[in-house]
Amino acid sequence: MSRVFALVDCNNFYASCERVFNPKIANKPIIVLSNNDGIVVARSNEVKSLGIRMGAAVFEIEDLIKKHDITVFSSNYTLYADMSDRIMETLSTFTPEMEVYSIDEAFLDLAGIKGSLTDYSQKIRNTVKQWTGVPVSIGIAKTKTLAKIANYIAKRSEKAKGVLDLTDSPYMDKVLAQVPAEKIWGIGSRTAAKLKHLGINTALDLSRADAEMVRDKFGVVYARVVCELQGACCYDLEQNPPAKKSLAVSRMFGRPVESLEQLKEAAANYAARAGEKLREENFAASLLTVYVITSMFIKNAYYNSQTVEFQTPTTNTTELISSAQLCVEKLYRKGCKFKKCGIVLNGLVQQDNIQQNLFDTRDRQKTKRLMEVIDKINSSTAPGIFWAAEGIRQPWRVKFKKRSKHYTTDWNHLPEAV
DNA sequence: TCTGGGGTCCTAGGACCC
DNA sequence: TCTGGGGTCCTAGGACCC
C-alpha cells in the first residue's frame with residue numbers, strides 16, 4: 001500500500017517554547033541563541049521579517065536587538081526536549097504510523113484516513129496547539145521530499161492556514177515553481193550553486209531534470225531527490241530508527257584556552273559527559289577521538305585529532321578520561337589559543353554484545369556497578385559526583401547569560417501564575 | 001574581541017590481497 | 001625495456017540535515 005506522508009513541523013520551535021511560558025512576548029520579536037550565546041539558532045516571525053538570518057553572529061546584530069527591543073534567550077535544551085516529547089506524544093494519538101524525524105518534526109502516515117486530509121490535519125494542528133501551546137504547520141504529499149515542500153508553503157501562505165495537501169493537487173507545478181532549489185530537502189547551498197549553472201533554479205526545474213544526468217553529475221543521493229520530486233517514493237517511514245553509530249560531545253570554550261592543563265580538564269569533562277550519554281543509551285564504545293581547534297578565522301588556524309582504540313569496548317568514564325587526556329597531550333601546541341574541543345565515540349556496540357578480551361585485566365563488572373551508582377546519584381543531585389580531572393573552577397566552561405527556567409522538568413522552576 | 005552542537009550518508013583514494 | 005585486473009576494506013573529507 002502506498003503511503004501518504006504528512007510532515008508536521010513546529011513553527012520557530014525554540015522561540016515558540018519560550019513563548020509558551022512568557023505570554024507577554026506572544027507578538028514581540030524574540031531570538032534564541034546557541035551555546036555560549038554565539039549565534040542565532042531560532043527566530044520568531046517578527047525577527048525573520050527584520051531580515052536577521054539564521055546563524056547570524058550576535059555581535060553583528062547588537063544594534064538591531066536594541067533598536068527593535070528583541071527579547072533574547074540562551075538556549076534551554078532541557079526545556080525544548082521535554083516540550084518535544086509532549087508534542088510527539090500528542091501526534092501519536094492521531095496515527096500509530098509515525099516517524100520522529102527531529103526535535104521539532106515528525107512524519108505521519110495518513111494513508112488510512114477517510115475524508116479530507118486537510119480537515120484532519122487542521123484537527124491535529126489545533127490539538128497540538130491546545131495541549132502544548134506550540135503552533136505547527138503540516139505538509140501532505142506522496143513522498144517525504146514533496147511533503148517537506150508542502151510544509152514549506154503551508155508555513156508561508158496566508159491562504160493555507162498552516163496546512164497544505166499536495167496529493168493529487170492540480171497546483172503541484174505552481175507550488176514547485178515557488179520553491180528555490182536550495183530549499184529542497186537534501187539540496188544544500190553548494191549543490192544549489194552547481195545546479196544554477198545548469199539552469200536549474202527551482203524545485204520545478206529539478207523535478208523536470210533527467211535523473212540519469214543528475215546521477216552522473218552529482219551522485220545517487222541527488223538522483224533520488226529528483227525521483228522524489230517526480231512523486232516516486234525513495235524514502236519510507238522509519239518507525240524503528242537504526243541504532244546510532246557515533247556519539248559526540250563538543251563545545252566552544254567560554255574563553256580561549258592556552259594551557260595544557262585546562263585543555264585536559266575540558267577534554268576530561270566532555271569525556272565524562274560522553275560516558276554518561278553512552279551508558280544512558282546502553283552502548284559501549286570501541287574508539288575514542290579527540291579533536292581540538294583554534295579559531296578558524298585566524299591565519300595560523302590549527303585543527304587536529306587523535307584516536308585511540310579500546311581492546312574491549314568500554315563504558316567506563318575513568319578509561320574514557322585517561323584516553324582523552326593522552327590524546328590531548330599529543331594534540332597540544334604551545335602558543336595556540338584553542339576555541340573548541342570535542343570527544344567522538346565510535347564503534348558503538350550494545351552493552352550486552354560486548355566481545356570479551358582474553359587478556360583483559362579490568363574487573364568490568366565492578367566498574368559497571370560503580371558507574372551505575374554514580375549515574376544514579378548524579379541524576380538526582382546537582383552538582384553530584386565528578387572526576388577531579390574535570391577541574392573545579394573550569395574557567396573554560398561555556399556561558400549562558402539569558403537562559404530561561406526548566407519550567408517543565410524541575411520543581412524549583414515551575415511557572416508562576418500571577 | 002565576539003561565528004553552535006550532534007548527527008548521517010556517500011565517494012574517492014590508498015592499502016592490501018590473489 | 002616491457003609492468004594486469006579485480007576485489008575488499010578502511011579512512012578522510014565533503015555535503016547535508018535539524
Review point. Between K217(A) and D210(A), is there a side-chain N and carboxylate O pair less than 4.0 Å apart?
Key: no
Review point. NA contact type, L33(A), heavy-atom cut-off 4.0 Å: base, sugar-phosphate, or nothing?
Key: nothing
Practice item. Determine, for Y222(A) and R215(A), whether the Lys NZ or Arg CZ falls below 6.0 Å from the six-membered ring centre while staying within 45 degrees of the axis. Key: no
Check your understanding: When all nucleic acid strands are considered with a 4.0 Å heavy-atom cut-off, which category describes Y222(A): base, sugar-phosphate, or nothing?
Key -> sugar-phosphate
Practice item. Using the ring of Y152(A) (Phe, Tyr or Trp, six-membered ring only), decide whether R156(A) places NZ or CZ under 6.0 Å from its centre and within 45 degrees of its axis. Key: yes
Review point. Which part of the nucleic acid, if any, lies within contact of S189(A), taking any heavy atom under 4.0 Å across all strands shown: a base, the sugar-phosphate backbone alone, or nothing?
Key: sugar-phosphate
Practice item. May I ask you to say what D37(A) touches in the nucleic acid, namely base, sugar-phosphate or nothing, with a heavy-atom cut-off under 4.0 Å? Key: nothing
Practice item. Report which part of the nucleic acid F13(A) touches: base, sugar-phosphate, or nothing (heavy-atom distance under 4.0 Å, all strands). Key: nothing
Review point. Touch check for V58(A), heavy atoms < 4.0 angstrom, all strands: base, sugar-phosphate only, or nothing?
Key: nothing
Practice item. Would you mind classifying the nucleic acid contact of T191(A) as base, sugar-phosphate or nothing, using non-hydrogen atoms under 4.0 angstrom? Key: sugar-phosphate
Practice item. Under 4.0 Å between any heavy atoms, over every strand shown, what does L287(A) touch: base, sugar-phosphate, or nothing? Just pick one. Key: nothing
Exercise for review: Just call it for K148(A): base, sugar-phosphate, or nothing, with non-hydrogen atoms closer than 4.0 Å on any strand.
Suggested key: sugar-phosphate
Review point. Is K244(A) positioned over the aromatic face of F283(A), cation under 6.0 angstrom from the ring centre and no more than 45 degrees off axis?
Key: no
Revision key, fill the gap. The correct set of residues in residues 231-268 of chain A placing a heavy atom under 4.0 Å from DNA chain C is none
**Study point:** Counterpart base for dC17(C), defined by Watson-Crick or G-U wobble contacts under 3.5 Å
**Key:** dG6(B)
Check your understanding: NA contact type, I103(A), heavy-atom cut-off 4.0 Å: base, sugar-phosphate, or nothing?
Key -> nothing
Check your understanding: Hey, does R224(A) reach any base, or is it just sugar-phosphate, or nothing, if we go heavy atoms under 4.0 Å?
Key -> sugar-phosphate
Exercise for review: For D165(A) and T167(A), test the side chains for any donor-to-acceptor distance below 3.5 angstrom and give the result as yes or no.
Suggested key: yes
Exercise for review: Assign E105(A) to base, sugar-phosphate, or nothing according to its heavy-atom contacts below 4.0 angstrom with the strands shown.
Suggested key: sugar-phosphate
Review point. Between R273(A) and E276(A), does at least one N-O distance fall below 4.0 Å, as a salt bridge requires?
Key: yes
